[in-house]
Number of protein chains: 2
Amino acid sequence: MYPLFSDEYYMQLALYEAEAAAEAGEIPVGAVVVCQRKIIAKTRNQTEQLTDVTAHAEILAITAAASYLGGKYLRDCTLYVTLEPCVMCAGALYWSQIGKVVYGASDEKRGFSLVKQPLLHPKTLVRRGVLEEENTQLLKNFFLKLRT
Amino acid sequence: MYPLFSDEYYMQLALYEAEAAAEAGEIPVGAVVVCQRKIIAKTRNQTEQLTDVTAHAEILAITAAASYLGGKYLRDCTLYVTLEPCVMCAGALYWSQIGKVVYGASDEKRGFSLVKQPLLHPKTLVRRGVLEEENTQLLKNFFLKLRT
């Protein structure tokens with residue numbers, strides 16, 4: 001168990017979402033949005049179920065969080081996501097002006113940090129590598145299983 | 001009137017969508033997706049109406065087109081959009097593997113072409129500047145009206 005309200009605590013919840021995605025045959029990525037310690041969105045990758053390449057956990061999380069708050073901007077929110085966001089999701093996070101992004105595993109193929117120019121909003125804080133090992137392992141296991 | 005099935009013909013339809021967005025108080029951007037000459041999606045920016053920064057015309061168009069086709073990929077499709085896509089939308093278009101992107105006005109602040117690394121799929125063709133003047137004028141008028 002991780003300390004309540006710690007980054008690891010919320011990331012663990014995002015990891016549960018990712019596990020649920022894997023069970024549904026989706027690439028396992030989960031996300032949680034927290035605002036003043038309260039979880040206001042919990043989402044997972046649904047690209048296969050929704051037949052929609054835009055249905056990444058982060059995009060669904062931004063939409064759900066804004067819907068909950070009744071406003072477009074997520075300046076006081078933190079997004080926890082098990083995998084480094086892609087360019088699409090980084091672009092969406094830019095528009096949301098989200099306060100902080102915490103991610104677990106790095107995405108060495110499609111991660112936004114591979115783009116040299118900054119893609120997130122200048123005010124957005126970033127923390128990487130939270131529960132990195134667990135998050136990376138879940139993805140590795142998923143792709144391993146897919147190939148066998 | 002532009003020749004039937006020309007890029008200008010479809011862009012004109014996207015421009016009508018953008019005009020409808022302006023009337024609804026939205027930043028006027030419209031999009032049309034065409035597959036084998038058939039229009040399979042017509043969308044416009046709805047970020048205000050949906051309280052959702054991800055509700056750009058292009059994102060809604062990708063979702064609608066994939067839903068129509070029953071498949072995630074838009075390899076045989078062309079997206080017509082009145083304004084140059086942003087980084088988020090370019091990232092979404094990458095995932096869709098769309099065949100061609102045709103845009104009107106350039107976005108000198110947030111356009112994807114400001115990022116030096118290629119964001120679209122390597123197989124995606126791009127044509128810019130279609131009905132550029134009309135598309136640019138619509139945006140200019142919208143922001144001028146907003147300020148007065």
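Naming convention: chains lettered A, B, ... in sequence-line order (proteins, then strands); numbering from 1 in each chain.
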Exercise. Determine whether the aromatic ring centres of B:Y9 and B:Y2 lie less than 6.0 Å apart.
Key: no

Practice problem: Report the option among B:C89, B:G71, B:S67, B:A92 that has the most heavy-atom pairs separated by less than 4.5 Å from atoms of chain A. | Solution: B:A92

Practice problem: Select all residues of residues 126-140 of chain B having any heavy atom within less than 4.5 Å of some heavy atom of chain A, and report them by number, or 'none'. | Solution: none

Quiz prompt | Enclosure of B:N141 CG (heavy-atom neighbours >12, cutoff 6.0 Å) | solution = yes

Practice problem: For residues A:A65 and A:V33, report the shortest heavy-atom separation together with the two atoms involved. | Solution: CB-CG1, 3.8 Å

Quiz item: If we only count heavy atoms from C-beta on, is the B:Q97 to B:K123 side-chain gap below 4.5 Å?
Solution: no

Quiz item: Relative to chain A, which segment of B:A90 carries a heavy atom at a distance below 4.5 Å: side chain, backbone, both, or neither?
Solution: neither

Practice problem: Output every pair passing ring-ring contact (aromatic ring centres under 6.0 Å, His included) with a member in residues 118-146 of chain B, not counting sequence neighbours, ordered by first then second residue. | Solution: B:Y94-B:H121

Exercise. Spell out, as yes or no, whether a donor-acceptor pair under 3.5 Å connects the side chain of B:T82 to the backbone of B:L15.
Key: no

Quiz item: Hey, which residues of residues 35-60 of chain B are touching chain A, say heavy atoms under 4.5 Å apart?
Solution: B:T47, B:E48, B:T51, B:D52, B:V53, B:T54, B:H56, B:I59

Quiz item: Within the side chain of B:T124, is there an N or O that forms a donor-acceptor pair under 3.5 Å with the backbone of B:G99?
Solution: no

Exercise. State whether the side chain of A:S106 and the backbone N or O of A:E108 hold a donor-acceptor pair below 3.5 Å, judged by distance alone.
Key: no

Self-check item: Sequence-distant partners of A:D107, side-chain contact (heavy atoms from CB on, under 4.5 Å), two or more places apart
Solution: A:L83, A:E84, A:K109, A:R110

Exercise. Check each atom of A:L69 against the heavy atoms of chain B and say whether the ones under 4.5 Å are side chain, backbone, both or neither.
Key: neither

Exercise. Could you tell me whether B:K100 and B:D7 have a side-chain N and a carboxylate O separated by less than 4.0 Å?
Key: yes

Quiz item: For chain A, which of B:L93, B:L114, B:L74, B:V115 has the most heavy-atom pairs under 4.5 Å?
Solution: B:V115

Self-check item: A:Y80 and A:V34, any side-chain heavy atoms less than 4.5 Å apart
Solution: yes

